[in-house]
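Data first, discussion second: the structure below is written as structure tokens.
For ligands, and for the atoms within them, numbers begin at 1 and follow the listed sequence. For reference, positions follow the sequence shown, starting with 1.
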Amino acid sequence: MSSTPFEQLLENARHNEQVMSKLQALEMALISAGDFPQLLGLLLDDIQSEFALDSVHLHWVDPQGEVQALLHGGGLDLDDYPRLHFIHSPFPLTHLLNPGLRTRLSPFTPGLHRDWLPDDGMGSLALLPLVRQGHLLGCLVLGSRDPQRFDPDLSTDFLDRLAAIAGVCLENVYHHEQIKRLGLTDALTGVHNRRYFDQRLDEEVLRAQRQGSCLGGLFLDIDFFKRINDTWGHPAGDAVLQEVARRVKNMLRITDSLARYGGEEFAVLLAQTDLEQAARVAERIRAAVAAGPVCLGGGLDIPVTLSIGASCLHGLLPQETPGEAARRLLHEADSALYRAKENGRNQVMCHTAEPAGAPDHG
Ligand SMILES: Nc1nc2c(ncn2[C@@H]2O[C@H](COP(=O)(O)OP(=O)(O)OP(=O)(O)O)[C@@H](O)[C@H]2O)c(=O)[nH]1
């Protein structure tokens with residue numbers, strides 16, 4: 001039995017009301033999202049399930065890789081988010097979107113849209129620009145197998161509103177995470193501080209245990225740093241610390257964690273790295289620091305070297321807790337560093353299993 005125009009109108013009104021109440025619930029959740037995992041879960045998973053979509057992708061404009069570094073620094077494994085993408089520039093997006101950066105509905109055209117919605121069998125899509133103060137932060141792409149679902153003639157009021165809220169929330173969470181990170185950053189060198197490292201170490205030990213992978217650890221200590229301070233003054237010492245941190249960081253992957261652990265001591269965690277690989281990374285770092293003096297201008301060139309201790313966690317010992325394993329990794333790297341100092345400095349030493357009863361350093 002076909003419905004009357006009035007019944008159809010009523011049905012449409014009911015449908016719109018349902019969409020509106022789902023949208024409101026989603027908006028409330030987005031506004032309350034306090035960190036990246038929550039926000040990404042809402043944008044990528046909840047939107048897809050709540051609105052019965054076949055796919056959702058988020059493209060985030062990240063010219064300097066700052067967003068990725070922040071996500072990674074927060075302990076997020078980007079491999080867990082295959083529908084999150086980063087683009088270096090907003091320009092490829094701007095010509096896809098509607099003028100005025102409003103939501104665009106369109107039939108799926110492989111040549112035009114495959115990079116933005118790389119799933120098979122898509123029929124139509126909605127491109128929601130995420131904008132803050134006129135800046136394009138990224139784009140949320142909603143995909144449906146149904147070619148009619150995102151017909152260009154349909155109204156985009158609901159989606160424009162969702163895009164506006166999502167843009168604000170994306171920026172808020174980004175700033176919130178940045179502030180959190182500042183409390184975990186060493187003010188002098190800009191690398192992480194010890195508090196961050198200790199938190200990260202616990203997370204990485206658990207991750208290595210879960211994945212059955214090795215976790216490498218390095219302790220790095222600037223040689224005769226007191227002499228640098230005493231000879232050239234404390235500000236010169238500070239500049240040396242900054243330059244050493246920069247050189248070390250340049251030798252690491254985005255998945256590695258570098259922290260200033262104490263005065264002139266740095267610590268590094270190397271994810272999925274065995275002892276041999278850790279020793280190779282350590283040697284690269286040592287060579288990069290020793291390669292040339294730190295030039296402070298006015299003819300002030302300060303030669304710097306590092307001693308490095310390397311160790312590796314290969315699973316937990318029987319009865320060992322993850323916390324104990326974390327401490328063992330640090331202790332072993334620290335003992336190896338001590339031997340590197342004892343042996344003449346400017347070198348890398350790896351932890352070797354010590355005979356029972358060997359004296360501890362520290
Ligand atoms: N400029 C500067 N110096 C610092 C800072 N933190 C610690 N130090 C100095 O780092 C020096 C560390 O000296 P030591 O622990 O004796 O070690 P070292 O001279 O590097 O000798 P080895 O480690 O045995 O090669 C001390 O003089 C501290 O005052 C800092 O933030 N800035």
Quiz item: Does the side-chain contact (heavy atoms from CB on, under 4.5 Å) test come out yes or no for Leu220 and Val244, once each step is laid out?
Solution: CA-CA 10 Å; Leu220 296 69; Val244 167; over 6 Å; no

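Among protein heavy atoms, the minimum distance from atom 32 (N) of ligand 1 is reached at Asp238 OD1, 2.6 Å. Ranking protein heavy atoms by distance to atom 18 (P) of ligand 1, first place goes to Phe225 N, 3.4 Å. Distance from atom 6 (N) of ligand 1 to its nearest protein heavy atom, with residue and atom name: Gly263 CA, 3.3 Å.
Salt-bridge check for Arg14 with Glu17: failed, with every basic side-chain N at 4.0 Å or more from each acidic carboxylate O.
Contact of the Asn16 side chain with the Phe158 side chain is registered, since non-hydrogen atoms from C-beta on lie closer than 4.5 Å. At least one side-chain heavy atom of Phe197 sits under 4.5 Å from a side-chain heavy atom of Leu269.
Of the candidates His234, Glu265, Glu264, Lys341, it is Lys341 that places a heavy atom closest to atom 22 (P) of ligand 1. The option from Arg260, Arg227, Lys226 that lies nearest to atom 31 (O) of ligand 1, judged by heavy atoms, is Arg260.
Of all the heavy atoms of Asn229, the ones lying under 4.0 Å from any atom of ligand 1 belong exclusively to the side chain. Here Asp230 has no heavy atoms under 4.0 Å from ligand 1, in either its backbone or its side chain. By the criterion of a heavy-atom distance under 4.0 Å, the side chain of Leu241, and not its backbone, is placed next to ligand 1.
For the side chain to side chain contact (heavy atoms under 4.5 Å, CB included) criterion with Val268, the lone passing option out of Val281, Val191, Leu218 is Leu218.
Atom NZ of Lys249 has 12 or fewer heavy atoms from other residues, nucleotides or ligands within 6.0 Å. When the shell of 6.0 Å around CG of Asp120 is examined, it contains 12 or fewer heavy atoms from other residues, nucleotides or ligands. The local environment of CD in Glu276 is sparse, with at most 12 non-hydrogen atoms from other residues, nucleotides or ligands closer than 6.0 Å.
Inclusion of Leu188 in the set of residues having an N or O under 3.5 Å from an N or O of ligand 1 is not warranted. Close N/O approach between Gly237 and ligand 1 is not found [any backbone or side-chain N/O within under 3.5 Å].
Residue Arg345 approaches ligand 1 through these ligand atoms, each under 4.0 Å from one of its heavy atoms: 22 (P), 24 (O), 25 (O).
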